[in-house]
Amino acid sequence: PLYSSAASDVYKRQEQALRSVLAQETRFPVEVVIGDDCSTDGTSGIIQRVLAEGTAHAIKFLLHKQNLGVAENSNQVLANCSGAYIAPLEGDDFWTDTTKLQQQVDMLEASPDASLCFHNCEVYDEATGSCVGLSPDPRFRRSDLSAEDMLYSHMIQTNTKMWRRELFPNLGVIDGMTQGDRAIDVLLALRGRIIFIDKVMSVYRQHPGGMWTGASQLKRDMGLLSLI
């Protein structure tokens with residue numbers, strides 16, 4: 001799995017995210033790759049303290065000496081992943097089911113034609129301090145999503161995904177593409193079937209101003225199609 005840590009003013013969220021990864025129960029070895037992009041809010045100390053408690057998982061902690069930016073930090077984390085599957089988790093979010101990774105690996109192992117597996121998550125609204133529903137929208141809770149679905153609607157939250165690393169071993173996030181993960185979803189949909197687990201296994205924190213803004217972003221995402 002991949003845990004990509006971005007700077008956050010509320011560093012307790014980082015600890016919650018990391019602990020949710022370390023709590024995963026699997027029948028296979030887990031590699032946790034952490035990218036700390038020169039944070040100044042105490043995140044690095046939190047990570048080091050938690051890791052010092054010990055874990056059965058293999059850890060790669062990338063502590064950058066200078067700020068790389070969101071895109072390059074993510075690229076560095078992805079480049080250091082060596083597992084067969086990638087399960088991304090951003091620092092503000094967290095997993096709630098300790099068998100999430102096992103369930104997704106089981107699904108992908110049983111479906112060799114599938115490229116991506118996702119599930120439901122709770123959406124926590126930072127502005128109101130309450131859960132405002134589930135993601136994705138009910139229309140997209142299914143296993144027959146197409147590349148067109150992915151292109152025109154960013155419906156799969158990052159913390160719910162797992163994909164096969166072999167499909168895009170060199171694919172990272174293009175600088176300036178704030179929804180680059182959505183474009184990656186498009187490419188994965190073109191490489192194989194998308195499968196869905198109808199369970200809530202994570203929480204997504206919704207921040208004001210963090211939603212996709214429309215056509216200008218779509219034009220940036222189209223740039224990834226040259227990678228096909």
L167 side, atom CG; L187 side, atom CG - distance, nearest 0.5 Å
10.5 Å
Does N80 use its side chain to pair, donor to acceptor, with the backbone of Q76 at less than 3.5 Å?
yes
For the residue pair R19 and V50, what are the closest heavy atoms and their distance?
NH2-CG2, 3.8 Å
With the side chain counted from C-beta on, respond yes when Q157 and F118 share a heavy-atom pair under 4.5 Å apart, and no when they do not.
no
Nearest-0.5 Å distance, CG of residue L116 to CH2 of residue W163
8.0 Å
Taking the side chain as everything from C-beta on, heavy atoms only, tell me whether R164 gets closer than 4.5 Å to S115.
no
Shortest non-hydrogen pair, F94 vs A17, comes out as CB-CA, 4.0 Å
With the 4.5 Å side-chain cut-off for hydrophobic clustering, are M107 and F28 part of the same group?
yes
Return the CD1 to CG distance between I195 and L145, rounded to the nearest 0.5 Å.
11.5 Å
Taking all non-hydrogen atoms of both residues into account, name the closest pair between Q102 and R27 and its distance.
OE1-N, 2.6 Å
Heavy-atom closest pair, residues Y204 and C121:
CB-SG, 3.9 Å
Looking only at side-chain N and O atoms, does Q103 offer a donor or acceptor that is under 3.5 Å from a partner on K199?
yes
Short side-chain to backbone donor-acceptor contact, Q24 and D97, under 3.5 Å:
yes
Side chains of H57 and E31: closer than 4.5 Å at any heavy-atom pair?
no
With the side chain counted from C-beta on, respond yes when F61 and S44 share a heavy-atom pair under 4.5 Å apart, and no when they do not.
yes
Can you tell me which residue among V33, V32, I47 is in a side chain to side chain contact (heavy atoms under 4.5 Å, CB included) with I59?
V32
Student check: side-chain heavy atoms of L101 and V21 closer than 4.5 Å
no
Side-chain heavy atoms nearer than 4.5 Å, only ILVMFWY residues, links allowed to pass through others: does that put I197 and V203 together?
no
With side chains defined as the heavy atoms from C-beta onward, is the minimum distance between D93 and Y124 less than 4.5 Å?
no
Can you find a pair of side-chain heavy atoms, one from N120 and one from D198, that are under 4.5 Å apart?
yes
Are L89 and L22 grouped together when hydrophobic residues (ILVMFWY) are joined by side-chain heavy atoms under 4.5 angstrom apart?
yes
I'd like to check Q104 versus Y85 (side-chain heavy atoms, cut-off strictly below 4.5 Å). Are they in contact?
no
For T96, is there any backbone N or O sitting under 3.5 Å from a side-chain donor or acceptor partner on S202?
no
Less than 6.0 angstrom from the centroid, inside 45 degrees of the normal: does R142 satisfy that with respect to the ring of F196?
no
Between I34 and L18, does a side chain to side chain contact (heavy atoms under 4.5 Å, CB included) hold up when you go through it step by step?
CA-CA 9 Å; I34 306 169; L18 179 55; 3.9 Å; yes
Nearest-0.5 Å distance, CG of residue L190 to CG of residue D185
11.0 Å
Between N159 and K100, which heavy-atom pair has the shortest distance, and what is it?
O-NZ, 3.2 Å
Would you compute the distance between atom CZ of R141 and atom NE2 of H119 and round it to the nearest 0.5 angstrom?
13.0 Å
Would V200 end up clustered with I156 when hydrophobic side chains under 4.5 Å apart are linked, directly or stepwise?
no
Supply the atom-to-atom distance D113 CG to R191 CZ, rounded to the nearest 0.5 angstrom.
15.0 Å
Heavy-atom pair of closest approach, residues I194 and A189:
CD1-CA, 3.9 Å
Check whether R165 reaches the backbone of S82 with its side chain - one donor and one acceptor, N or O, closer than 3.5 Å.
yes
Looking at E126 and R13, is any side-chain nitrogen of the basic one under 4.0 Å from a carboxylate oxygen of the acidic one?
yes
Common cluster, I184/F140, ILVMFWY with side-chain heavy-atom separation under 4.5 Å
yes
Could you tell me whether a side-chain N or O of R205 sits under 3.5 Å from a main-chain N or O of D92, the two making a donor and an acceptor?
yes
